[in-house]
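Atoms within each ligand, like the ligands themselves, are counted from 1 in listed order. Scope of the values below: all heavy atoms of this structure, side chains included, with no hydrogens, waters or symmetry mates.
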Amino acid sequence: MSSLLDSINQPNDIKNIDRKDYKRLAKEIRRFLVNNVSKTGGHLASNLGAVELTMALHVVLDFPTDKIVWDVGHQSYTHKLLTGRKDEFVNLRKYKGLSGFPKRNESECDVFDTGHSSTSISAAMGLAFADKLNDVNSTVVAVIGDGALTGGMAYEALNNLSSLKRNFIIILNDNNMSISENVGGMSEHLSKFRIGEKYNDLKLEVEQSLNKIPMVGVKIAKGIKKTKDSLKQLFVPDGIFNELGITYIGPIDGHDTDVMIELFKHAKKIDHPVLIHLKTKKGYGYKFAMEDPAKFHGIDAFDKRTGIKRNNSGKDSYTTVFSKKIVEMAQDDKEIVAITAAMPDGTGLSNFKEHYPDRFFDVGIAEEHAVTFAAGLAAGGKKPYISIYSSFYQRAYDQILHDICIQKLPVKIIIDRAGLVGRDGETHQGIFDIAFLSSIPNLTIISPMSGEELEDALEFSKDFDAPIAIRFSRGDAFEYNVPVRTDSFELKSTILTEGENVAIIGIGSIVEEILESAKLLNEKGISPTVVNAKVIKPIDTDMIDKLCEKHTHILIVEEGIKHGGYSEAVLNYIYQHNYNVKCDIIAIDDMFVKQGSVPHLRRKLGLDRISIMNKVVEMLEDK
Ligand SMILES: Cc1ncc(C[n+]2csc(CCOP(=O)(O)OP(=O)(O)O)c2C)c(N)n1
């Protein structure tokens, strides 16, 4: 039997597939997703849960006139398959390959780039208003998960939506999960809605009328009328949404393609915003993902027969070091509390939750709230450790500045996934935090280079009586053997190897790369001084003075954006003090870094050991 998926090569091709074959198509899509993602890695569980709802949307909508905005965008793989991108899945998330998120430059059917949560309703509303002003007759849909519906932006948009006064569809893909278990009052409210009798009546009627399709006449007309009548009964007056001027429909089985198609057709005709509440199962159709959807939310390559991840190094990541250390510290210090914004597993705080459930807070995908909440906890005398990925702190800039730093509250701002993160691409690279945080007064910023140093920094932060940020990378923690380990952590840079002529200064995990480049330079007879900057703010000016006095050349290497970064601050200091040294910087120069493996991206950006070595040689030759 030929594959149905093979007959889908461009947008709208799904419309040529017979209705009776939809189940088979869904199966083929799932098999394709599991096969491919097991090799490339990716967001598997969310995509498996969104297969039928995506198919139904593609049957009903006309692309590219009609538009879908995918919240977060991690669940858009089926949309990519149905819009002619099947052959590109072999290169999913690879350098220059297919993105794991919607990208406007990839297809005219991707109308809005996403990656960070809870933006879909705002963006879709903008598109709908634009079409309205341009007299374009289109259907605009925002697909948002129950997890993304914990984010503040979603509520700002819902509150604003009644001003639209035209058709607008929100698909709420409710699988009762964020990455982990979903949290909060809205989630509890939604879980009270059960698929009930009215839905089952509708399902029966849709099935009956579909069975009659080959015949013509009164019976079909009756069937369709009945369907319409029972559809009306699904328009439940739900308090929250209806009060905001949004008609609520649901809940509907989000794996029932036929019923969704009927519903979406009707929803297209409604002259104001509607929200269709779908109940789906995360990981649907693949045993291992259904059993452990959190593990398969975003996963590296795995063995599809066992569900076991390939390439486990066995070493502790920086996150694991943090996770273990904070549990240990909280044992003795009862004032320590921990906060996550929907990432208990990713930040390693699920360990803390197990040990100290009363001192653990998962606030949902709500970084702004999380930061101000932490500020409140600190004002109340607690020692809050808040852990968020670097790129997600971007939306909490004002809360860090306004709620923590102006009041000098001793919040411990843990920045995970700082630096390059790799395959999720430009929305997720953690390359801006140094630049945007360095400008904030009262904030101390540390970037430990190894697992041990991270432990020391955490210990130091516990009683630090002002805001402090500790940033570390994704991946295995560097195991650097300090000859004599002292327990005292000082806000000072450290010299790792004493050399001559040239000094190389690094921050965080890039120091490991610098040490490797120093070995290569040694082979060439060059002996650089290697400095672990460790403290980004305030700059250790004593160390810079010393380096400038003893060297002719200084190179600063930073896995972050150049403008406003650490390197520029050091350069500025050297310039102001008229030192007679030649300086250069390797940092990311005014660009968004696309997807790719971290080693590959480092090579492309000149941040790998060979490039660092070459830069030093070049500097010394150019006396
Ligand atoms: C601002 C922001 N914070 C955190 C994340 C990480 N993140 C990606 S998907 C996700 C959960 C989304 O849950 P839901 O919307 O229900 O989608 P599902 O994966 O369950 O289909 C989270 C927390 C993000 N993308 N953006």
Nearest to [atom], what protein heavy atom do you find, and at what distance?
{"atom": "atom 17 (O) of ligand 1", "answer": "His74 NE2, 3.6 Å"}
{"atom": "atom 10 (C) of ligand 1", "answer": "Ile179 CG1, 3.5 Å"}
{"atom": "atom 3 (N) of ligand 1", "answer": "Glu367 OE2, 2.6 Å"}
{"atom": "atom 15 (O) of ligand 1", "answer": "Ala148 N, 2.9 Å"}
{"atom": "atom 23 (C) of ligand 1", "answer": "Ile365 CD1, 3.5 Å"}
{"atom": "atom 21 (O) of ligand 1", "answer": "Asn175 ND2, 3.3 Å"}
{"atom": "atom 16 (O) of ligand 1", "answer": "Gly147 N, 2.7 Å"}

Original post:
Which heavy-atom pair separates Ile536 from Arg471 by the least distance, and what is that distance?
Top reply: CD1-CD, 3.8 Å
**OP:** Taking all non-hydrogen atoms of both residues into account, name the closest pair between Ala342 and Ser178 and its distance.
**Re:** CB-OG, 3.9 Å
Original post:
Stepwise, does the side chain to side chain contact (heavy atoms under 4.5 Å, CB included) test hold for Tyr389 with Val421?
Top reply: CA-CA 10 Å; Tyr389 291 3; Val421 299; over 6 Å; no
Please indicate whether any nitrogen or oxygen in [X] is less than 3.5 Å from any nitrogen or oxygen in ligand 1.
{"X": "Asn173", "answer": "no"}
{"X": "His116", "answer": "no"}
{"X": "Ala342", "answer": "no"}
{"X": "Phe392", "answer": "no"}
{"X": "Ser117", "answer": "yes"}
{"X": "Val72", "answer": "no"}
{"X": "Met177", "answer": "yes"}
{"X": "Lys282", "answer": "yes"}

If the contact criterion is a heavy-atom separation under 4.0 Å, does [X] count as touching ligand 1?
{"X": "Gly115", "value": "yes"}
{"X": "Gly49", "value": "no"}
{"X": "Arg395", "value": "yes"}

Subject >> Parallel, tilted or perpendicular: ring planes of Phe288 versus Tyr286, cut at 30 and 60 degrees >> reply: perpendicular
Subject >> Exam field: side chain Asp71 to backbone Ser120, donor-acceptor pair closer than 3.5 Å >> reply: yes
Original post:
Would you say the side-chain atoms of Arg474 pair up with the backbone N or O of Gly422, donor to acceptor, closer than 3.5 Å?
Top reply: no
Original post:
Would Glu88 and Lys94 count as a salt bridge (charged side-chain N to carboxylate O under 4.0 Å, His left out) if you check the C-alpha gap in whole Å, the side-chain angles of each, and the deciding distance to 0.1 Å?
Top reply: CA-CA 10 Å; Glu88 294 160 48; Lys94 293 184 186 156; over 6 Å; no
Subject >> Pair Arg24 + Glu28: basic N to acidic O under 4.0 Å >> reply: yes
Would the [X] and [Y] ring centres measure less than 6.0 Å apart?
{"X": "Phe63", "Y": "His58", "value": "yes"}
{"X": "Tyr356", "Y": "Phe360", "value": "no"}
{"X": "His277", "Y": "Phe241", "value": "no"}
{"X": "Tyr77", "Y": "Phe32", "value": "no"}

Original post:
So which of Thr150, Asn182, Leu149 actually passes side-chain contact (heavy atoms from CB on, under 4.5 Å) with Ile365?
Top reply: Thr150
**OP:** Answer side chain, backbone, both or neither: which part of Gln75 comes under 4.0 Å from ligand 1, heavy atoms only.
**Re:** neither
Subject >> Under-4.0 Å heavy-atom contact with ligand 1, by part of His43 that carries it >> reply: neither
Original post:
Which is closest to atom 13 (O) of ligand 1 in terms of heavy atoms, Gly283, Ala396, Ser178?
Top reply: Ser178
Original post:
Hey, is CD on Glu181 packed in by over 12 heavy atoms from elsewhere, all under 6.0 Å?
Top reply: no
Original post:
By number and element, which atoms of ligand 1 are closer than 4.0 Å to a non-hydrogen atom of Ser46?
Top reply: 18 (P), 19 (O), 21 (O)
Original post:
Which of the numbered atoms in ligand 1 are below 4.0 angstrom from a heavy atom of Gly145?
Top reply: 14 (P), 15 (O), 16 (O)
